[in-house]
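The chains referred to below are lettered A, B, ... by the order of the sequence lines, with proteins before strands, and numbering in each begins at 1. Owing to the predicted nature of the structure, the values given are computational and were not obtained by experimental measurement.
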Protein chains: 2
Amino acid sequence: MARPRKPLLSRDRIVGAASALVDAEGLEAVSTRRLAAELGVSGPSLYNHFRNKDEILDAVADAVSAKVDLSMFDECDARDWRTALHDWALSYRAALADHPHLVPLLARGPGRRPAGLKVADAVFGAMVRAGWPPAQATYIGALMRYFITGSALGSFARGFVKDETAYDPADYPHLGQAHLLADRQEQIDEGAFATGLRALLDGLEAQYATLRPTPHHP
Amino acid sequence: MARPRKPLLSRDRIVGAASALVDAEGLEAVSTRRLAAELGVSGPSLYNHFRNKDEILDAVADAVSAKVDLSMFDECDARDWRTALHDWALSYRAALADHPHLVPLLARGPGRRPAGLKVADAVFGAMVRAGWPPAQATYIGALMRYFITGSALGSFARGFVKDETAYDPADYPHLGQAHLLADRQEQIDEGAFATGLRALLDGLEAQYATLRPTPHHP
DNA sequence: ACCTGAACACCGTTCAAGT
DNA sequence: ACCTGAACACCGTTCAAGT
């Protein structure tokens with residue numbers, strides 16, 4: 001076979017196949033050999049398009065960041081930064097929920113992934129425009145990412161196992177109330193996310209109110 | 001050699017060696033063969049003490065949870081639940097900072113790890129005693145864990161890479177301000193964590209104030 | 001009960017060889 | 001330039017064999 005007249009692979013085709021494989025069977029199902037087989041080529045072929053496996057997974061992860069809606073930051077100003085942050089958080093969380101197996105990768109931060117950086121850039125820019133000092137705007141981008149990715153990781157990994165016998169009331173006197181059992185986990189995740197998001201935004205608003213107002217433009 | 005008169009291995013010895021290996025060289029350095037070599041035995045020996053590699057790593061992760069201080073919840077009541085949560089968050093974060101390579105494991109929730117469950121139990125119990133309704137107490141435990149583990153993951157993984165040329169100002173107009181570059185990352189992590197924690201607790205306090213007060217005991 | 005070596009079915013990556 | 005098979009240095013886990 002050797003080199004075909006038209007390339008069999010492309011970065012896009014590889015990323016697409018890897019993405020499908022991760023979503024269907026999880027991160028640990030992705031091996032270079034398995035992925036290559038899925039694409040109808042032999043393992044080493046991938047190395048003509050990516051330096052290594054990590055680079056492939058980075059590209060897959062970045063495709064998720066690219067789906068996060070950022071339009072709410074476009075016209076956002078001092079009046080509605082809270083609404084923008086809120087809507088962005090929901091969009092971010094929804095994007096992660098669509099690809100739960102990729103959350104561990106995304107939780108590590110943007111690195112040099114372009115879409116991840118675009119997200120960070122949009123949040124920072126909007127917060128500065130809304131009147132937050134640059135340092136605070138940076139913190140807001142980071143702490144929102146902490147909470148959103150942390151919640152996604154915690155949720156999708158299903159923090160508690162299903163087997164009730166794992167939780168002996170003698171060891172954990174308060175868990176017996178079944179408030180933490182797996183069958184209620186989804187409601188708990190929703191409630192905890194909503195409660196935490198509201199608390200965060202309430203807290204930030206209180207802090208925003210203590211800033212000295214930015215001078216008017218003449 | 002075969003069976004020695006006194007066992008060469010124990011669960012504790014294995015966990016200790018695995019822990020040291022993870023801390024020194026990271027999660028990916030831990031293979032059953034490498035770990036066994038470190039312990040002076042052959043690979044399959046480990047399977048006399050643990051069902052598989054994941055069980056070993058679970059035990060290593062749980063050892064970290066066991067180091068989280070929970071004493072602030074002992075006498076905590078309606079007056080000081082906020083302080084208790086605050087101090088616990090710092091202790092939790094410090095425990096994670098001591099073992100950054102284990103954060104991805106811990107961020108997935110307690111599972112059936114005993115020390116992880118003890119943490120969840122302590123937070124829940126204290127919040128209920130402080131007057132939070134059980135459902136809210138559950139949310140608080142979850143959302144605090146989201147924020148703390150999310151921040152640990154984001155920090156220790158170093159969200160942005162050092163190479164400044166990775167961030168073309170044409171692509172990310174607001175990142176050029178150097179507020180997000182790697183050499184300042186540690187200060188940013190500290191600031192973002194402190195700001196987020198304060199916002200969360202402020203927000204929760206506002207919510208607590210709207211609860212109808214619990215009736216006095218006669 | 002607890003350790004061993006051999007074996008199975010995998011890995012990621014490199015590289016010379018082919019077109 | 002782009003794909004191949006062979007090869008290297010690994011994996012996690014099972015299992016019969018030893019004491």
P-based separation of D:dC10 from C:dA9 [nearest Å]: 22 Å

Quick one: [X] [atom1] to [N] [atom2], roughly how many Å, whole number?
{"X": "A:K6", "N": "D:dC3", "atom1": "NZ", "atom2": "C1'", "result": "15 Å"}
{"X": "B:R5", "N": "C:dC3", "atom1": "CZ", "atom2": "C1'", "result": "15 Å"}
{"X": "A:I14", "N": "D:dC2", "atom1": "CD1", "atom2": "P", "result": "11 Å"}
{"X": "B:R33", "N": "C:dA6", "atom1": "CZ", "atom2": "P", "result": "12 Å"}
{"X": "B:Y47", "N": "C:dG5", "atom1": "OH", "atom2": "P", "result": "16 Å"}
{"X": "B:L46", "N": "C:dG5", "atom1": "CG", "atom2": "P", "result": "14 Å"}
{"X": "A:N48", "N": "C:dG18", "atom1": "CG", "atom2": "C1'", "result": "13 Å"}
{"X": "A:L35", "N": "C:dT13", "atom1": "CG", "atom2": "C1'", "result": "15 Å"}

Toward the 5' end of DNA chain D, by each residue's nearest nucleotide, A:L9 or B:T32: A:L9

D:dA7 pairs with, by Watson-Crick or G-U criteria that keep both distances under 3.5 Å: C:dT13

Watson-Crick/G-U partner (both atom distances under 3.5 Å) of C:dC2: D:dG18

Just compare [options] and give me whichever is closest to any side-chain atom of [X].
{"X": "A:K53", "options": "D:dA6, C:dG5, C:dG12", "answer": "C:dG12"}
{"X": "B:R34", "options": "C:dT4, D:dC11, D:dC2", "answer": "D:dC11"}
{"X": "B:S42", "options": "D:dC3, C:dG12, C:dT4", "answer": "C:dT4"}
{"X": "B:P44", "options": "C:dG5, C:dT14, D:dC2", "answer": "C:dG5"}

D:dG18 base / B:R3 side chain donor-acceptor hit below 3.5 Å: no

Sugar-phosphate only, base, or nothing, as touched by B:S31 at under 4.0 Å among non-hydrogen atoms: sugar-phosphate

Donor-acceptor contacts under 3.5 Å from residues 27-45 of chain A side chains, at least two apart:
from  : atom 1 : to    : atom 2 : distance (Å)
A:S31 : OG     : A:R34 : N      : 3.0
A:R34 : NE     : A:E38 : OE1    : 3.1
A:R34 : NH1    : A:E25 : OE1    : 3.4
A:R34 : NH2    : A:E25 : OE2    : 2.7
A:S45 : OG     : A:S42 : O      : 2.9

D:dC3 phosphate, OP1 or OP2, under 4.0 Å from A:H49 side-chain N/O: yes

B:F124 and A:H174 aromatic ring geometry - parallel, tilted or perpendicular at 30°/60° bounds: tilted

Heavy-atom side-chain proximity of A:Y146 to B:T149 below 4.5 angstrom: no

No-hydrogen, no-angle side-chain donor-acceptor test under 3.5 Å, A:Y92 and A:D87: no

Modelled atom types, side-chain donor and acceptor of A:D69 and A:S71, under 3.5 Å: yes

